[in-house]
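Right, one structure below, let's go through it.
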Protein chains: 2
Amino acid sequence: MNDNSDATTGSYRLDDQVGFILRRANQRHLALFARDIPDLTPTQFAALAKLCELGQASQNALGRATAMDAATIKGVIDRLRKRGLVAARRDADDARRVHLSPTKQGQQLYEALLPRAREISKETLAPLAQQEATLFLQLLEKLAGD
Amino acid sequence: MNDNSDATTGSYRLDDQVGFILRRANQRHLALFARDIPDLTPTQFAALAKLCELGQASQNALGRATAMDAATIKGVIDRLRKRGLVAARRDADDARRVHLSPTKQGQQLYEALLPRAREISKETLAPLAQQEATLFLQLLEKLAGD
DNA sequence: CAGGAATTGTTCGTGTACTAACAGAAGTTG
DNA sequence: CAACTTCTGTTAGTACACGAACAATTCCTG
């Protein structure tokens with residue numbers, strides 16, 4: 001009974017808490033990404049990748065598709081635009097919207113980076129056996145919600 | 001054979017990549033934390049908790065124990081000191097070191113927040129069944145490394 | 001003991017991330 | 001149609017997070 005599994009009783013060790021380990025796992029992934037794709041941050045790559053998948057999107061819509069709020073996606077897109085990877089123009093139908101699309105250069109960079117991006121996902125999961133990795137992804141997906 | 005499981009072939013969907021889902025899971029946890037413990041960030045709580053666990057530590061040592069680099073832990077400790085939760089003094093034996101310890105107020109706050117911290121961990125894992133959660137933590141730990 | 005190497009903490013610059021407040025445009029409803 | 005509401009993007013402020021460069025101190029080794 002006294003096995004510390006209750007949420008309101010027993011010892012609390014920081015090192016055993018989901019949030020803390022989640023943060024460390026994320027750190028490890030970010031480090032792998034920075035090593036293999038130094039010229040683009042994971043966030044920037046995510047925005048570019050999703051925009052290439054969709055072909056086009058409004059700024060906030062792209063933010064929602066990549067789990068970034070309006071303030072965050074703005075900075076990310078600003079930097080991608082400055083590097084000529086993303087093109088932006090005012091939407092004709094809705095004067096509020098910023099219509100985004102990847103430039104040819106952005107599209108090419110995305111495709112050129114794909115092998116490395118796949119490799120990063122593989123390396124991140126490398127500590128797990130094949131079956132463990134599959135199971136882990138299923139559980140992680142549940143944890144992420146939505 | 002063509003099941004897209006190879007790291008260098010097949011389709012690439014952002015939404016299926018570990019890094020992306022890891023980031024979303026982390027976001028969900030951060031949101032739960034901010035809701036239940038609005039007066040302290042997860043990082044600040046981690047530093048305070050670990051310092052209370054250890055009783056004392058040098059600044060960089062605490063950073064290592066909480067997976068924060070020297071530049072990051074400095075800002076975190078500065079803010080905790082400003083709020084009177086952590087006391088700092090120059091180490092007598094090593095003039096480089098900053099000797100840190102929780103103040104009485106910091107210790108009390110930590111203990112007062114423990115039930116909520118436990119609850120947050122529980123809520124974060126809530127989408128998983130008991131057995132799934134245990135397994136998940138084991139796999140996540142492997143992924144975090146070290 | 002002297003001189004190079006490693007450690008500790010600091011600062012700077014860049015890039016997420018989120019809240020809050022805002023302006024303008026579009027949609028909805030009485 | 002006019003008021004209300006929602007949605008879009010922007011800005012300002014705070015807080016991680018990390019690389020790089022730096023000074024002071026300590027350690028180590030010849």
Side-chain angles (χ1 to χ4, degrees), chain A residues 19-20 22-35 37-48 57-83 85-86 88-100, chain B residues 19-20 22-35 37-48 57-83 85-86 88-100:
Chain A
F20 185 67
L22 217 41
R23 176 164 148 271
R24 291 199 296 119
N26 209 43
Q27 279 179 340
R28 177 165 161 274
H29 173 260
L30 296 179
L32 289 174
F33 198 104
R35 195 197 61 188
I37 304 186
D39 42 326
L40 224 52
T41 68
T43 317
Q44 288 166 7
F45 180 78
L48 179 60
S58 76
Q59 189 171 284
N60 281 2
L62 183 60
R64 285 190 291 271
T66 51
M68 304 179 205
D69 68 14
T72 299
I73 191 69
K74 194 210 181 295
V76 175
I77 291 300
D78 280 353
R79 285 180 280 275
L80 291 176
R81 288 174 63 177
K82 200 172 295 176
R83 295 180 51 178
L85 302 174
V86 165
R89 64 163 205 275
R90 218 76 211 183
D91 191 299
D93 300 331
D94 189 334
R96 295 170 303 177
R97 283 199 172 90
V98 175
H99 177 95
L100 300 177
Chain B
F20 185 67
L22 218 41
R23 176 164 147 273
R24 289 201 293 119
N26 209 43
Q27 278 178 342
R28 176 165 162 275
H29 173 260
L30 295 179
L32 289 174
F33 198 103
R35 194 197 62 189
I37 305 187
D39 42 327
L40 225 49
T41 68
T43 316
Q44 288 166 8
F45 181 78
L48 179 60
S58 76
Q59 189 171 283
N60 280 2
L62 184 60
R64 285 190 292 272
T66 51
M68 305 178 205
D69 69 11
T72 300
I73 192 70
K74 193 211 182 298
V76 175
I77 291 301
D78 280 354
R79 285 179 281 275
L80 291 177
R81 288 174 63 178
K82 200 172 294 175
R83 294 180 52 179
L85 302 174
V86 165
R89 63 164 206 274
R90 219 75 210 187
D91 191 299
D93 300 331
D94 189 334
R96 295 170 303 179
R97 283 198 172 92
V98 175
H99 178 95
L100 299 178

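Residue numbers start from 1 in every chain, and the chains themselves are labelled A, B, ... in the order their sequence lines are given, proteins ahead of strands.
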- prompt: What does B:N26 touch in the nucleic acid at a heavy-atom separation under 4.0 angstrom: a base, only the sugar-phosphate, or nothing?
  reply: nothing

Length of the NZ-P vector between B:K74 and D:dC16, whole Å: 13 Å

- request: Answer with base, sugar-phosphate or nothing: what part of the nucleic acid does A:N60 contact at a heavy-atom distance below 4.0 Å?
  value: base

task: Answer with base, sugar-phosphate or nothing: what part of the nucleic acid does A:T41 contact at a heavy-atom distance below 4.0 Å?
output: sugar-phosphate

- prompt: From the list C:dG9, D:dC16, C:dT19, which nucleotide is the closest neighbour of the side chain of B:V76?
  reply: D:dC16

message: What's A:A95 touching, base or sugar-phosphate or nothing? Going by heavy atoms closer than 4.0 Å.
response: sugar-phosphate

statement: Per nearest nucleotide of DNA chain D, the residue lying toward the 5' end, A:R96 or A:A70, is A:R96

field: Nearest-0.5 Å distance that lies between atom CG in B:L62 and atom NE2 in B:H99
entry: 11.5 Å

- prompt: Base, sugar-phosphate, or nothing: which does A:T43 touch, judged by heavy atoms less than 4.0 Å apart?
  reply: sugar-phosphate

- prompt: Of the candidate nucleotides C:dT8, C:dA25, D:dG9, which contains the atom at the shortest distance from the side chain of B:R64?
  reply: C:dT8

field: 5′-ward residue of the pair B:A71/A:A92 relative to DNA chain C
entry: B:A71

- line: Looking only at D:dG9, D:dT26, D:dC18, the nucleotide nearest the B:D69 side chain is D:dC18

message: Can you measure B:L30 atom CG to C:dA17 atom C1' for me and round it to whole angstrom units?
response: 9 Å

Pair B:D78 + B:K74, salt bridge at N-O below 4.0 Å: yes

- prompt: If you round to the nearest 0.5 Å, how far is CZ of B:R79 from CG of B:L40?
  reply: 11.0 Å

- request: Could you work out which one of D:dA15, C:dG9, D:dT8 sits closest to the side chain of B:Q44?
  value: D:dA15

- prompt: Can you tell me if the side-chain N/O atoms of B:Q59 get under 4.0 Å from OP1 or OP2 in C:dT10?
  reply: yes

task: Compare side-chain N and O positions of B:R23 against OP1 and OP2 of C:dA17 and report whether any pair is under 4.0 Å apart.
output: yes

- prompt: Between atom CG of B:L100 and atom CD1 of B:I73, what is the distance when rounded to the nearest 0.5 Å?
  reply: 8.0 Å

- prompt: Minimum heavy-atom separation for A:L48 to A:L80, with atom names?
  reply: N-CD1, 4.2 Å

- prompt: When you measure from the side chain of B:R79, which nucleotide among D:dA17, C:dG9, D:dC16 comes out closest?
  reply: D:dC16

